[in-house]
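In what follows, every heavy atom counts, from backbone to side chain, and hydrogens, waters and symmetry copies are set aside. Not measured: the values here are computed from a predicted model. Sequence positions, counted from 1, serve as the residue numbers for this chain.
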Amino acid sequence: MSTALITGVTGQDGSYLAELLLAKGYTVHGLKRRASSFNTDRVDHIYEDLHRGGARFFLHYADLTDGGSLASLLYDIRPDEVYNLAAQSHVKVSFEIPEYTADVTACGALRLLEAIRRTGLRSRFYQASSSEMFGSTPPPQSENSPFRPRSPYGCAKAFAHYATVNYRESYGMHASSGILFNHESPRRGETFVTRKITRAVARIKHGLEEKLYLGNLEARRDWGYAPDYARAMWRMLQQETPGDYVVGTGETHSVREFAELAFAHAGLDWRAYVEVDPRYFRPAEVDVLCADASKARRDLNWEPEVTFQDLVRLMVDADLAEVEAQMSGGPAAVRARGRADAGRRE
């Protein structure tokens with residue numbers, strides 16, 4: 001039985017990856033930060049009561065800003081695989097808290113790599129790199145495209161990416177990076193533009209809101225479905241030789257298209273509800289991101305399964321179901337985020 005450690009396990013990607021690994025028979029350990037409120041809603045449905053015995057999913061307090069906690073956790077768990085998904089991952093927010101973003105996203109990855117090296121473990125390491133590293137590089141972007149990040153977040157991810165390459169080449173670590181393009185789901189955080197749109201659609205449909213305020217409607221992204229990307233992460237660490245892989249669908253759509261499709265799925269005309277607010281513009285915009293995932297398709301035998309249109313529809317449906325459950329006073333278990341799409345696995 002293999003053992004995995006996932007940082008950022010309480011996030012969108014971490015929760016899907018934990019489900020995937022548990023389905024494959026892994027014992028899964030997740031890192032979570034201490035908070036005064038519950039922050040584990042994305043993984044509550046896979047949590048097992050430790051008093052009953054036979055549990056294979058465990059949560060631990062640690063933080064990427066604390067190298068000592070990382071080393072202690074690694075020494076105790078001795079994982080076969082380590083997936084570093086934790087980060088301050090909001091691009092717009094990274095302009096407001098750039099130092100914290102760098103500490104967690106860039107130095108956090110370095111601390112984790114160094115902890116693995118110093119403990120002498122032979123863990124296979126996955127780094128969650130980002131398409132934001134490409135920034136203003138013309139599409140399509142592949143593993144050979146230059147990085148030109150346009151945000152503190154993109155800069156921090158580029159540092160973490162190169163640190164992973166450096167530890168692979170310097171110390172012979174089995175360390176791989178997944179350069180993932182935008183990937184969404186009903187578990188996406190509510191401040192990210194896709195979930196912000198689908199949540200607003202559901203609330204407007206039920207008369208709880210009147211307007212949706214967005215920034216740059218013409219920004220184009222390569223949007224995929226998060227569980228598809230979790231499959232790619234796992235496959236990278238099953239390769240005999242480590243490497244870096246771009247993961248994306250190879251097609252782009254604008255924020256305007258996303259909003260139009262989301263509102264239309266609920267029987268609404270987006271033009272009646274969406275307004276542009278310049279406060280949501282970034283100091284430096286990334287116009288177009290589009291993946292050339294040829295290497296992942298060839299070497300990992302990976303293909304996305306969910307289309308852009310189906311992605312938008314399932315996110316809208318999940319948020320509609322959540323609002324309806326809240327309005328009817330239904331139990332929290334009815335919430336769509338934890339149940340909408342748990343059936344898709346490798």
Y167 ring centre to R117 NZ or CZ under 6.0 Å, with the angle to the axis within 45°? no
Are any non-hydrogen side-chain atoms of N84 and L64 less than 4.5 angstrom apart? yes
Are the aromatic rings of Y229 and W302 close, with centres under 6.0 Å apart? yes
Please report the closest heavy-atom contact between V255 and V193, naming both atoms and the distance. CG1-CG2, 4.0 Å
Apply side-chain contact (heavy atoms from CB on, under 4.5 Å) to S177 and list each qualifying residue two or more places apart in sequence or on a separate chain. Q127, S129, H161, T164, D244
Let's go through Y171 and L113 carefully: what are the C-alpha distance in whole Å and the side-chain angles of both, what is the deciding distance for side-chain contact (heavy atoms from CB on, under 4.5 Å) to 0.1 Å, and is it a yes or a no? CA-CA 10 Å; Y171 304 114; L113 285 162; over 6 Å; no
Side chains of D319 and R203, heavy atoms from C-beta outward: is any pair under 4.5 Å? no
Here the pair of heavy atoms bringing D222 nearest to G250 is OD2-N, 2.9 Å
When rounded to the nearest 0.5 Å, the distance separating CZ of F57 from CD1 of I46 is 4.0 Å
Other residues, nucleotides, ligands: >12 heavy atoms within 6.0 Å of R33 CZ: no
Strictly distance-based, threshold 3.5 Å: is any side-chain N or O of R221 a donor or acceptor partner for the main-chain N or O of N182? no
Using side-chain heavy atoms (C-beta onward) and a distance below 4.5 Å, is I197 in contact with V316? no
Pair Q141-M133, side-chain contact (heavy atoms from CB on, under 4.5 Å): steps then yes or no: CA-CA 10 Å; Q141 294 99 359; M133 300 186 306; over 6 Å; no
Rounded to the nearest 0.5 angstrom, the NZ-OG1 distance for K157 and T101 is 11.0 Å
Whether the S15 and R42 side chains hold a donor-acceptor pair (N or O, under 3.5 Å, no angle test) is what I'd like checked. no
Do E190 and R199 meet the salt-bridge criterion of a basic N to acidic O distance under 4.0 Å? yes
Shared ILVMFWY cluster between V9 and L22, side chains joined below 4.5 angstrom? yes
In this structure, CG of D292 is separated from CG of N144 (nearest 0.5 Å) by 9.0 Å
Can T198 and E184 be said to form a side-chain contact (heavy atoms from CB on, under 4.5 Å), step by step? CA-CA 11 Å; T198 61; E184 320 295 324; over 6 Å; no
Between T105 (side chain) and A102 (backbone), is there a donor-acceptor pair under 3.5 Å? no
Is it true that a side-chain atom of D228 and a backbone atom of V306 form a donor plus acceptor pair closer than 3.5 Å? yes
Least distance between heavy atoms, P146 atom then F134 atom: O-CD2, 3.6 Å
Stepwise side-chain contact (heavy atoms from CB on, under 4.5 Å) check, E257 with R220: CA-CA 9 Å; E257 289 178 74; R220 301 185 66 85; 3.2 Å; yes
Residues passing the ring pair (Phe, Tyr, Trp, His ring centres under 6.0 Å) test with Y75, sequence neighbours excluded, are none
Going by an N to O cut-off under 4.0 Å, is there a salt bridge joining R195 and E322? yes
Measure the OG-CH2 distance between S254 and W223 for me, rounded to the nearest 0.5 Å. 7.0 Å
Could you tell me whether the side chain of H206 and the main chain of I204 form a donor-acceptor pair under 3.5 Å? no
So, S185 versus Y16: side-chain donor-acceptor pair below 3.5 Å or not? yes
Under the salt bridge (charged side-chain N to carboxylate O under 4.0 Å, His left out) rule, what pairs show up with a residue in residues 84-103, not counting sequence neighbours? K92-E96, D103-R111
Looking at S72 and S69, would you say the former's side chain and the latter's main chain have a donor-acceptor pair under 3.5 Å? no
Starting at CG of D13, measure out to CE of M233 and round the result to the nearest 0.5 Å. 4.0 Å
Gap separating the CG atom of L217 from the CH2 atom of W270, nearest 0.5 angstrom: 5.5 Å
Sub-3.5 Å donor-acceptor pair from the side chain of K196 to the main-chain atoms of Y213, do we have one? yes
Does some side-chain heavy atom of E305 sit less than 4.5 Å from a side-chain heavy atom of Y225? no
A side-chain contact here means heavy atoms from C-beta on lying under 4.5 Å apart; do V82 and L121 qualify? no
I'd like to know if the side chain of R235 and the backbone of N301 have a donor-acceptor N/O pair within less than 3.5 Å. yes
pair T3-R78: side-chain heavy atoms closer than 4.5 Å: no
In terms of heavy-atom contacts, R150 and E285 come closest through NE-O, 3.0 Å
P186 versus A318, closest heavy-atom pair with distance: CB-CB, 3.6 Å
For S142 versus V246, what's the shortest heavy-atom pair and its separation? C-CG2, 3.6 Å
Does H29 reach the main-chain N or O of I77 with its side chain, forming a donor-acceptor pair under 3.5 Å? no
So does K24 pair up with E81, basic N to acidic O under 4.0 Å? no
Indicate yes or no for a side-chain donor-acceptor contact from S151 to the backbone of G154 under 3.5 Å, with no hydrogens or angles considered. yes
Donor-acceptor pair, side chain of T7 and main chain of A86, under 3.5 angstrom: yes
